[in-house]
Amino acid sequence: MKKNEFFAQNKHFFVEDVEAVKQYVLNHCPQSEIAKIIERADEACAQSFRFDLRWDMEYTEIPVVFDKEINWLHQPADDPEWIFAFNRHHFWITLGQAYVLTGDEKYAEAFVRQCKSWICQINLRDPDCANACRTLETGIRMNLWIKAFCLFRNSPALTDSFCSLFEESMIEQEKFIAEVWNSTKIISNWGVLENHGLFTAALLMPEHPFSAAMLQESLHRLDLQLQRQVYPDGVHWEQSTMYHNEVAQDFLEVKILADRNHIELPEGYNERLAKMIEFCVEHKKPDGIEMAMGDSDDIDVRDIITKAAYSFNNPQWKAAGYTEFDFDCVFDLGAEAAAAYAAMPALPSGRRTVVFPDSGHIFWHSSDTEDQTWLHFTNGVHGGGHAHEDKLHVDLFYRGEDIVRDSGRLTYVDKPERFEFKGPKAHNVIELDDQPSILCKRSWGYHKLSWSLNTQASESCGFRLAQGAALGYMDLETGSAVLSRKVVWLREDLILVHDEIYANPKDTHKIVQRWHFSPAAQVTLKGQTAALSLNHSDCEVLTLADNAQVRLTDTRLSLHYNTTTPSKMLETELNASGFASITTIFSLNPKGEKAPCFAVNAPVSLVSRQDRPFAKKVAEGWVIQKGADQFTVMIAHEDYMGPSDAVLVNERQGMGHVIVWSGMDKEQWGTTLAF
């Protein structure tokens with residue numbers, strides 16, 4: 001293959017107008033971002049490598065430097081993920097971006113030199129090269145090689161001899177992936193990344209006798225994977241936002257290339273992909289960062305949403321993405337696409353409650369603005385090896401900041417830290433008897449999982465309810481127990497979370513509830529109330545639990561792979577026999593405008609038996625006062641209702657198992673959220 005043969009094909013690539021891309025970046029992108037890319041490219045030229053860009057999925061901050069020839073099988077510590085990331089060659093994209101922006105031939109020469117080194121040193125079929133040649137890396141590598149190659153289109157470093165070597169290696173990698181296909185690949189995220197690379201190479205490399213067959217085979221495989229790996233509600237089955245995003249991005253790139261090259265996609269492909277993007281839109285916190293569900297990092301996912309909004313011409317997605325292409329988007333799709341996107345309107349969806357019923361996710365929004373209250377509740381199927389012990393977990397975000405959040409992932413190495421971040425202590429859940437509710441089998445497998453029940457949402461008169469139960473503690477030596485959580489949205493600044501532990505009266509359990517706060521929060525504790533001070537808010541977390549010890553504990557989050565950040569968590573611990581409950585109230589306030597918030601228990605009875613209030617195990621009620629406003633809430637733990645009687649709480653009547661009253665009117669009939 002000669003360079004001009006590659007670029008003279010009647011095909012459309014990711015980026016063709018490199019000069020226009022350069023001008024767009026110089027005019028629209030922050031100088032700090034440009035400087036970082038050039039700095040990383042300079043490091044790569046000097047054979048110094050680290051992985052700290054947005055989609056470097058195994059993050060590293062400490063560079064590894066090769067003084068002489070690069071050893072593509074080098075492993076600097078106990079984690080082979082470094083070798084895997086190294087052999088994906090994302091840094092060659094960085095070299096290409098620096099070349100487009102500066103025109104300095106050193107970047108092209110480094111790309112050619114390092115690519116030759118890899119081809120000469122690594123044999124895909126040699127077991128000794130296995131860590132550089134996993135099928136996952138091969139799929140990713142094919143895609144990245146072609147993207148990088150296109151960025152060097154104006155460089156004389158792409159000699160005919162190098163281009164021929166490049167082509168031979170790509171053909172070998174295509175055949176390598178084409179040979180790997182089985183039932184595991186159909187449901188594995190690996191299979192998507194592998195065949196995304198195969199599709200890219202089969203489409204964009206010069207045609208060979210097998211190109212048409214490989215193109216159709218890769219599309220067939222990708223369509224099967226999109227059907228079988230993604231639930232009908234659009235969520236990838238592994239229950240990790242980062243891996244959902246990675247897979248969605250690959251499916252999206254296939255659509256973009258197919259559209260540009262007039263290739264018809266299988267029936268239903270775009271519809272299923274659109275549902276995946278809807279989940280990207282919802283799980284993005286209002287600051288643009290994905291929630292750290294499962295094995296995930298703090299990554300701004302608006303590039304995926306932006307590219308999808310452009311590809312689908314979807315104004316609602318544009319409202320959730322960037323107002324204009326960022327650095328990554330324009331280098332992925334080009335300046336012409338950036339102009340088309342800029343001309344699109346942005347129309348917020350206006351949705352306030354969004355439910356993903358097959359995967360078990362519920363999202364609440366107070367508005368479409370960046371300072372909205374955003375809440376996520378999860379209680380669905382466990383997912384794969386990338387999933388965590390997070391059934392009944394809650395994330396809460398307010399005025400641009402995390403209030404409570406997931407702890408992240410830290411590592412994939414089979415060691416205590418792996419299970420620390422996968423287990424209950426790293427999530428906003430209940431733990432019983434210092435035991436996990438799932439049992440891990442090394443880093444990726446499980447001896448036992450937890451089953452979810454009754455995950456549902458409802459709303460009425462501005463109030464909202466999310467609820468579910470989990471059966472992971474049915475086999476404790478201390479006796480079986482069922483956990484249930486109900487989350488009640490009273491208004492955007494007042495949210496109640498009620499945890500229920502159902503156990504045999506003969507069994508005593510140690511119960512610990514945890515809330516992980518933003519690392520940016522300054523937290524103090526007075527009695528059973530924690531006060532949070534953040535940049536844009538002053539919030540309180542009120543705990544109502546009898547005979548409980550409430551404490552602040554030092555802990556840590558992992559915002560990126562291989563890194564930790566100190567933070568605080570609130571722990572509520574009690575020992576109880578039989579039924580027990582813990583109630584938590586989140587009072588959210590703008591900075592400097594904290595309204596006093598108080599909550600007290602209120603007896604619950606039938607109207608006809610006002611002198612005989614229910615025991616706590618039957619039903620509980622609370623009167624919550626915030627500023628001048630009052631709310632009364634009742635949650636039943638048993639089916640208490642008789643043939644014709646109503647319930648009475650705080651002199652107010654209603655019917656149902658979750659009821660809310662607003663204000664002081666004693667004649668008001670309660671709003672029922674669950675019957």
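As the structure is a prediction and not an experimental result, all values here were calculated from the model. These values consider heavy atoms only, across backbone and side chains, with no hydrogens, waters or symmetry-generated copies.
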Would you find a donor on one side and an acceptor on the other, under 3.5 Å apart, between the side chain of [X] and the backbone of [Y]?
X    : Y    : answer
T353 : W364 : no
D326 : C329 : yes
T306 : G321 : no
D433 : T478 : no
S558 : T563 : yes

Residue [X] excluded, over 12 heavy atoms near [atom1] under 6.0 Å:
X    : atom1 : result
Q522 : CD    : no
K275 : NZ    : no
E370 : CD    : no
K448 : NZ    : yes

Regarding [X] and [Y], is there a side-chain donor-to-acceptor distance under 3.5 Å anywhere?
X    : Y    : result
D295 : S240 : no
Q249 : K307 : yes
K391 : S450 : no
Q513 : T584 : yes
H244 : H386 : no

Next item on the list: Using the six-membered ring of W515, assess whether NZ or CZ of R405 lies under 6.0 Å from its centre and within 45 degrees of the ring axis.
Entry: no
Checklist line | Cation-aromatic face contact R485/F377, 6.0 Å, 45 degrees | finding: no
Notebook entry, point to check: Any side-chain heavy-atom pair from V488 and I495 closer than 4.5 angstrom?
Noted result: no
Item checked: Within-4.5 Å side-chain heavy-atom neighbours: H236 and E238 -> yes
Salt bridge or not between [X] and [Y]? Use side-chain N to carboxylate O under 4.0 Å.
X    : Y    : answer
K36  : E33  : no
D499 : K486 : no
D402 : K285 : yes

Next item on the list: Classify the angle between the aromatic ring planes of H361 and F279 as parallel (below 30°), tilted (30 to 60°) or perpendicular (above 60°).
Entry: tilted
Note to self: Ring centroids only, cut at 6.0 angstrom: are W317 and F312 within range, meaning strictly under it?
What the structure shows: yes
Check: Which pairs count as salt bridge (charged side-chain N to carboxylate O under 4.0 Å, His left out) when at least one residue sits in residues 522-538, sequence neighbours excluded?
Finding: D538-K591
Notebook entry, point to check: Can you check ring pair (Phe, Tyr, Trp, His ring centres under 6.0 Å) on H427 and H388, steps first, answer last?
Noted result: CA-CA 9 Å; H427 300 90; H388 287 190; 5.4 Å; yes
Check: What residues, two or more places apart in sequence or in another chain, satisfy side chain to side chain donor-acceptor pair (under 3.5 Å) together with T455?
Finding: N379
Checklist line | CA sep, side-chain torsions, deciding dist, call: H382, W451, ring pair (Phe, Tyr, Trp, His ring centres under 6.0 Å) | finding: CA-CA 8 Å; H382 178 79; W451 185 246; over 10 Å; no
Checklist line | Gap between atom CG of N589 and atom SG of C539 - 0.5 Å precision | finding: 6.0 Å
Check: How long is the gap from CG on D300 to CD on E290, to the nearest 0.5 Å?
Finding: 9.5 Å
